[in-house]
Peer 1: 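Please find one structure pasted underneath; my questions will follow.
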Number of protein chains: 2
Amino acid sequence: MARWEPDARLRLVQAAIDVYAEQGFESSTVAQVAERAGLTKATFFRHFPDKREPLFAGQDEHGALFTAGAAEAPANATPLEVVTAALDHATATFTAEQRAFGPRLRAVVAAHDELRERAAFKRAHLAEVLTTSLRERGIPDPTAAIAADLGVEAFHRAFARWSDGEGPSYGELAREELRALHAAATSLS
Amino acid sequence: MARWEPDARLRLVQAAIDVYAEQGFESSTVAQVAERAGLTKATFFRHFPDKREPLFAGQDEHGALFTAGAAEAPANATPLEVVTAALDHATATFTAEQRAFGPRLRAVVAAHDELRERAAFKRAHLAEVLTTSLRERGIPDPTAAIAADLGVEAFHRAFARWSDGEGPSYGELAREELRALHAAATSLS
DNA sequence: TCTGTCGATGAGACCGTGTCTCATCACCGT
DNA sequence: ACGGTGATGAGACACGGTCTCATCGACAGA
């Protein structure tokens, strides 16, 4: 039993998406978001470090999921197989709720540079984490970085397709995107 | 003859690097940077849109250089050859002054998440621009994106080596990095 | 030399972000 | 009933960033 209305954090996320979508990110204030969630500005900042972060809530876990998935790959796996394992593990955790929020979220983020900047940072962080996983398996430097880049690119392309309603599971789409990206990378010259 | 001390913008850039390096980015105020440049806060914001931007001044031109360089490649060039042309064109414009500022700049940026976020955004923008150049030459979607990613990655790796004092020209280093990245990309499975 | 224009700067008010401290409130175990 | 605990509210605060208005210094033209 909660002492106050439960799920304050989730309410803030939904309020942020709604308010930013309705008024635009820059024209919205944190106080407005908090009020829509039935809270105050101070409480907003207890749950999120800044005005943008509610739109990226949960995204920090993806790094840990990638790492865990990569660790499950057999010791003699190729870089691409390790990345596939990481994608499989991460995509398996996505829920129908996340799928439903996807398009609105991507629309809001795409409309404001400040939010695209945060998205680019999250993406770079994910690539860094995956690169580290690959390096720790003995995969040398430029190879690890490229393999990680392909993996993250596939992750995002697959999420876009999946949340836009394409049939296959997120995991299947990610594997498919990764294969396509790898094929493209081998035909550049 | 200037009516005031000339090169206000350049003085602000140097002041920003100095102050952020000495006190840390978050502990510094825009007023301090402006004062060190002999100016005021209001003038700072006439030259730069926000506190971070002076550290990335000039970086916006790289996109245009990439585009111009890509346009110089012959019509039947492979994706990798187009990227090489873009790198050649962009790297040729770098000066000894930029080389000298490189390490200090990278150290300051690497030390603060807010600045790394901006760097990630600039990088993503560069990749987007290069991807567009490749697409307009008829290179299909996933291939263009991958080729652009390799090019931007090579661009940054080469800059790090070049500004750290490695012998070859920036252009040579970039070509070398691009070759290495392409080789790595073809040996992932 | 005087005068008016023009662009860069300074001064300062203003709102919102993000931080901090303190008070309040509801539940929980004793 | 009582104190402990943790989430919240209230409000002050520094700084980022925007805006308006005044100032200044060079230049052109009379």
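First the proteins, then the strands, lettered A, B, ... as listed; each starts at 1. Just the heavy atoms: all of them, side chains too, but no hydrogens, waters or symmetry mates, feed the values below.
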Peer 1: Tell me: CZ of A/F25 to C1' of C/dG16, nearest whole Å?
Peer 2: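 Checked: the CZ to C1' distance equals 11 Å.
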Peer 1: In whole Å, I'd like the distance from the CZ atom of A/F48 to the C1' atom of C/dT17.
Peer 2: 16 Å
Peer 1: Check the distance between C/dT9's P and B/L39's CG and give it to me in whole angstrom.
Peer 2: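 Checked: the CG to P distance equals 6 Å.
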Peer 1: What nucleotide among D/dT8, C/dA11, D/dG17 has an atom nearest to a side-chain atom of A/H47?
Peer 2: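 For A/H47, the side-chain atoms sit closest to D/dT8.
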Peer 1: Determine whether any donor atom in the side chain of B/R46 lies under 3.5 Å from an acceptor atom in the base of C/dG7, or the reverse, and answer yes or no.
Peer 2: no
Peer 1: Please state whether the rings of B/F155 and B/F94 are parallel, tilted or perpendicular, taking 30° and 60° as the class boundaries.
Peer 2: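 Plane angle over 60°, so perpendicular.
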Peer 1: Provide, to the nearest angstrom, the distance between the CZ atom belonging to A/R9 and the C1' atom belonging to D/dT8.
Peer 2: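 Value for this atom pair: 16 Å.
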Peer 1: Are A/E53 and A/K122 ion-paired here, with the side-chain N under 4.0 Å from a carboxylate O?
Peer 2: yes
Peer 1: Report the distance from atom CD of A/E153 to atom CG of A/L126, rounding to the nearest 0.5 Å.
Peer 2: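 So the gap between those two atoms works out to 12.0 Å.
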Peer 1: Starting from P on C/dG16, measure out to CZ on B/F45 and report it in whole angstrom.
Peer 2: 17 Å
Peer 1: Give each protein N/O atom lying under 3.5 Å from an N/O atom of nucleotides 12-14 of chain D, with the pair distance.
Peer 2:
none

Peer 1: Send over the distance from B/K51 NZ to D/dT18 P, rounded to a whole Å.
Peer 2: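 To the nearest whole Å, that distance equals 14 Å.
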Peer 1: Which pairs of donor and acceptor atoms, one on a side chain in residues 128-136 of chain B, lie under 3.5 Å apart (sequence neighbours left out)?
Peer 2:
| residue | atom | partner | partner atom | Å |
| --- | --- | --- | --- | --- |
| B/T131 | OG1 | B/A127 | O | 2.7 |
| B/T132 | OG1 | B/E128 | O | 3.0 |
| B/R135 | NH2 | B/D141 | OD1 | 3.1 |

Peer 1: With a 3.5 Å cut-off and sequence neighbours excluded, list the donor-acceptor pairs that the side chains of residues 180-189 of chain A form with protein atoms.
Peer 2:
| residue | atom | partner | partner atom | Å |
| --- | --- | --- | --- | --- |
| A/T186 | OG1 | A/H182 | O | 3.4 |
| A/T186 | OG1 | A/A183 | O | 2.8 |
| A/S187 | OG | A/A183 | O | 3.4 |
| A/S187 | OG | A/A184 | O | 3.1 |

Peer 1: Using a cut-off of less than 4.0 Å, is there contact between a side-chain N or O of A/T40 and OP1 or OP2 of D/dG9?
Peer 2: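 Yes.
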Peer 1: I need the CZ-P distance between A/R11 and D/dA7, as an integer number of Å.
Peer 2: 14 Å
Peer 1: Once rounded to the nearest 0.5 Å, what's the spacing between atom CG of B/L105 and atom CD1 of B/I17?
Peer 2: 4.5 Å
Peer 1: Tell me: CZ of B/F44 to P of D/dG16, nearest whole Å?
Peer 2: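 Rounded to whole Å, this separation is 9 Å.
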Peer 1: Any base atoms under 4.0 Å from B/S28, or only sugar-phosphate, or nothing? Heavy atoms, all strands.
Peer 2: sugar-phosphate
Peer 1: What is the distance from atom NE2 of B/H62 to atom CG of B/L87, rounded to the nearest 0.5 Å?
Peer 2: 12.0 Å
Peer 1: For the side chain of A/V30, counting heavy atoms from C-beta on, which of C/dA11, C/dT17, D/dT8 is nearest?
Peer 2: C/dT17
Peer 1: Counting only side-chain heavy atoms from C-beta out, which of C/dG18, D/dG17, C/dT9 sits nearest to A/D50?
Peer 2: C/dG18
